[in-house]
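Reading through the structure tokens given below for one structure.
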Amino acid sequence: MYDDAPGEVDVFDFDEFADHLLDQGVLASPSQLHGCLSGLLGAGASPDPEYGLDALGRALDIELHGELASRIMQLYTVTGSALLGEEFAFYPLLPGDDEGIAERAQSLANWCDGFMVGFAYGFAGEEQGLGPLSQEAGEILRDIAAMAEAEVVEDEDDEDAEDSFMELVEYLRVAVANIYLENSMAGQDGDFTPATNRPLH
């Protein structure tokens, strides 16, 4: 989840988002929505929250309104701040540890699917002319696309499954931050310095 961010945005709760989506009859999961928002930002899209809300709706072909729309705009802003902040507070929005590993793994796959959709939408519509992606960014996108198709191995030990899950989450944190920084710097004609070394595949 997220800690309080500038502007005193409250902690974002997976179940709360799920309830809002259910109320509006939206079939997408909270993880998919946050992945899409993160993908938009990773592609160098505008950080304006209204843009984020509109682009999310277009990318996923959904319509959001009311309290949910407001929370999505807040989440977009907080996500951008987390990706850029020195505290490295970016985390994918996923169910809590009280959910089973299979449910959390599916949510992680949904997050990755949303990221790829958001990144494709944002990159195609980006007006800064970012040019071709770096080799590292291409590798990261291939990894995330593969993770979108991943499933829990049925005969895998629970502890091993937990360890694998946490490694993938940590990889995503670093990988998405690096893509975001690369495209942000490219848009400003700056030098790109990775947030840290890529930890794993």
Only counting residues at least two apart or in another chain, list the ones meeting salt bridge (Lys or Arg N to Asp or Glu O under 4.0 Å) with Asp97.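 Expected list: Arg104.
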Name all residues meeting the salt bridge (Lys or Arg N to Asp or Glu O under 4.0 Å) criterion together with Arg58; count only those two or more places apart in sequence or in a different chain, and write none if there are none.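 Asp54.
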Option passing side chain to side chain contact (heavy atoms under 4.5 Å, CB included) with Leu21 (candidates Ile62, Leu27, Leu33):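 Among Ile62, Leu27, Leu33, the one meeting side chain to side chain contact (heavy atoms under 4.5 Å, CB included) with Leu21 is Leu33.
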Test side chain to side chain contact (heavy atoms under 4.5 Å, CB included) on Ile179 and Leu133 and set out the steps. CA-CA 9 Å; Ile179 285 186; Leu133 294 171; over 6 Å; no
Closest non-hydrogen atom pair between [X] and [Y], with its separation:
X: Gly80; Y: Tyr180; answer: O-OH, 3.9 Å
X: Tyr121; Y: Leu40; answer: CD2-CD2, 3.8 Å
X: Gln24; Y: His65; answer: NE2-O, 2.6 Å
X: Gly122; Y: Ala43; answer: C-CB, 3.7 Å

Assess the residue pair Phe119 and Asn183 against the criterion (side chain to side chain contact (heavy atoms under 4.5 Å, CB included)); give the C-alpha distance rounded to whole Å, side-chain angles, the decisive distance to 0.1 Å, and a yes or no. CA-CA 11 Å; Phe119 188 91; Asn183 285 331; 3.8 Å; yes
Contact between [X] and [Y] at the side-chain level, heavy atoms closer than 4.5 Å - yes or no?
X: Leu94; Y: Phe165; value: yes
X: Leu172; Y: Met147; value: yes
X: Phe17; Y: Leu68; value: yes
X: Gln135; Y: Glu139; value: yes
X: Leu84; Y: Leu181; value: yes

Check whether any side-chain N or O of Arg173 sits under 3.5 Å from a backbone N or O of Phe90 as a donor-acceptor pair, and report yes or no.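 Yes; judged by distance alone, with no hydrogens or angles, the pair exists.
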For residues 107-117, run the donor-acceptor check on the side chains, cut-off 3.5 Å, and write out each pair with its distance to 0.1 Å, sequence neighbours left out.
unit_1, atom_1, unit_2, atom_2, d
Ser107, OG, Glu103, O, 3.3
Asn110, OD1, Gln106, NE2, 3.1
Asn110, ND2, Gln106, O, 3.4
Trp111, NE1, His34, ND1, 2.9
Asp113, OD2, Gln32, NE2, 3.2

Derivation of the side chain to side chain contact (heavy atoms under 4.5 Å, CB included) call for Val176 and Ile144: CA-CA 9 Å; Val176 172; Ile144 295 176; 4.2 Å; yes
Just wondering, are more than 12 heavy atoms of other shown residues or ligands nearer than 6.0 Å to CD in Glu67?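 Yes - once you tally the heavy atoms of other residues, nucleotides and ligands closer than 6.0 Å, there are more than 12.
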